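This report refers to the structure that appears directly beneath it.
Note that the structure is predicted; figures quoted are calculated from it, not measured.
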2 protein chains.
Amino acid sequence: MSETIDNKAVQQPHNHKGCMQHALQAAEQICSQKGVRLTAIRKRILELICTSHKAIGAYELLDLFKLEDPKAKPVTIYRALDFLMAAGLVHKIESLNAFIGCLQAEKQHKSVILICDNCKNAYEVDATAVYDSLFALSESMQFKPQCLTLELHGLCASCR
Amino acid sequence: MSETIDNKAVQQPHNHKGCMQHALQAAEQICSQKGVRLTAIRKRILELICTSHKAIGAYELLDLFKLEDPKAKPVTIYRALDFLMAAGLVHKIESLNAFIGCLQAEKQHKSVILICDNCKNAYEVDATAVYDSLFALSESMQFKPQCLTLELHGLCASCR
DNA sequence: GTATTAATGTAATATTATAACATTTCATTT
DNA sequence: AAATGAAATGTTATAATATTACATTAATAC
Ligand SMILES: [Zn+2]
Ligand SMILES: [Zn+2]
Ligand SMILES: [Zn+2]
Ligand SMILES: [Zn+2]
């Protein structure tokens with residue numbers, strides 16, 4: 001398995017092939033560990049998502065996928081997305097109705113998604129401190145936290 | 001203007017009329033301050049949203065609004081929602097595609113929305129510490145933050 | 001009162017997502 | 001290897017969410 005990818009490094013211009021390879025290798029390993037099947041369709045959808053760090057919509061994915069399988073339907077994409085999300089390989093950005101590949105699916109991670117509204121890149125970065133603060137708050141409210149949506153829009157270092 | 005509403009108190013069983021009144025009074029005041037018009041439609045949509053602390057979808061609102069104006073169309077609702085959100089009177093919960101009334105629109109506030117997946121109530125609670133942590137993180141990434149989506153699903157004190 | 005701007009009416013359509021059921025593929029057991 | 005059962009995919013249809021475009025009406029400014 002390739003090395004862990006560094007949050008900060010990946011946001012600079014970088015050799016993106018490494019990101020793709022890392023994501024796909026992690027996917028194979030995770031699916032095999034979990035005893036679930038990374039089928040050809042699922043793998044291809046993951047590849048398409050990981051082509052860039054820009055969030056991509058389900059119907060954009062469908063258009064791309066159709067180039068290879070012209071009779072593909074929306075449900076094909078959504079099923080693959082559901083699988084990939086359940087496996088932690090892909091995250092949905094709720095505020096965009098779009099999807100990104102996870103660059104650290106092999107690790108437990110507590111992250112925020114930083115979304116640049118200019119260049120449209122979306123990166124997950126570690127936000128352990130934020131989670132700690134949030135869980136302390138939950139505790140004080142006697143709220144039992146289960147699923148967090150944490151998306152910060154703004155301008156990235158390159159675009160600000 | 002009525003008193004400020006306390007985050008914690010409102011999550012207990014409470015006299016909800018106070019919430020409604022507070023929201024509507026704040027709305028009048030805020031709109032008048034901003035020099036924008038809280039028209040009958042907009043006010044009514046706000047009332048419908050503030051009927052409970054459960055997030056409500058645009059088409060649910062449309063169904064309710066149609067009881068009074070049977071020829072109302074989706075765009076009527078979305079326009080009112082856009083106005084109310086711009087005025088800070090209503091927030092969209094991205095992870096639900098649904099809307100809640102803001103109980104503290106008159107104040108600057110940095111809040112997280114706690115959403116109970118059982119009873120469906122959604123409350124904004126102050127999360128200044130969370131924001132501080134997040135902004136420190138942004139800073140360290142040279143990311144210029146602009147708009148945060150912060151929604152925590154789980155089980156509220158009553159439902160856990 | 002007329003001009004200008006803001007709000008609403010009306011129709012159509014775009015975008016995102018799921019349901020229902022048939023068929024095929026894969027893995028397991030025999 | 002054939003039979004079985006479960007998972008994945010194919011296929012059709014539709015549900016749910018949201019926006020565009022343009023006409024009309026209402027409010028405000030002059
Ligand atoms: Zn990359
Ligand atoms: Zn950028
Ligand atoms: Zn209340
Ligand atoms: Zn609850």
Can you check the A:K34 NZ to D:dA7 P distance for me, whole Å?
16 Å
Backbone N/O of B:K17 and side chain of B:H22: donor-acceptor pair under 3.5 Å:
no
Value in whole Å for how far the P atom of C:dT15 lies from CG of A:L61:
15 Å
From C-beta outward on B:T39, which listed nucleotide comes closest to its side chain: D:dG10, D:dA8, C:dA7?
C:dA7
Please report the distance, rounded to the nearest Å, between CG in A:L38 and C1' in D:dA7.
15 Å
For the pair made of NZ in A:K66 and P in D:dT9, what is the distance, rounded to whole Å?
18 Å
Judged by atom type as modelled, is there a donor-acceptor pair below 3.5 Å linking the side chain of B:S133 to the main-chain atoms of B:A129?
no
Can you check whether A:E28 reaches A:K43 side chain to side chain, under 4.5 Å on heavy atoms?
yes
Whole-Å distance between D:dT11 C1' and A:I77 CD1?
15 Å
Holding to ring-ring contact (aromatic ring centres under 6.0 Å, His included), I want the full list of residues that pass it with B:H153, two or more places apart in sequence or in another chain.
none
Assign the ring pair B:H53 / B:H14 to parallel, tilted or perpendicular, where the plane angle (0 to 90°) is split at 30° and 60°.
tilted
Nearest whole Å is fine: how far is C:dT15 C1' from A:L62 CG?
12 Å
C:dC26 phosphate, OP1 or OP2: any side-chain N/O from A:R37 under 4.0 angstrom?
no
Whole-Å distance between C:dA22 C1' and A:K73 NZ?
14 Å
How many whole angstroms separate atom CD1 of B:I41 from atom C1' of D:dA27?
14 Å
Do A:S95 and A:E151 have side-chain N/O donor and acceptor atoms under 3.5 Å apart?
yes
In 5'-to-3' order, the base (B), backbone-only (S) or no-contact (-) status of each nucleotide in nucleotides 17-25 of chain D, using a 4.0 angstrom heavy-atom cut-off, is BBBBB----
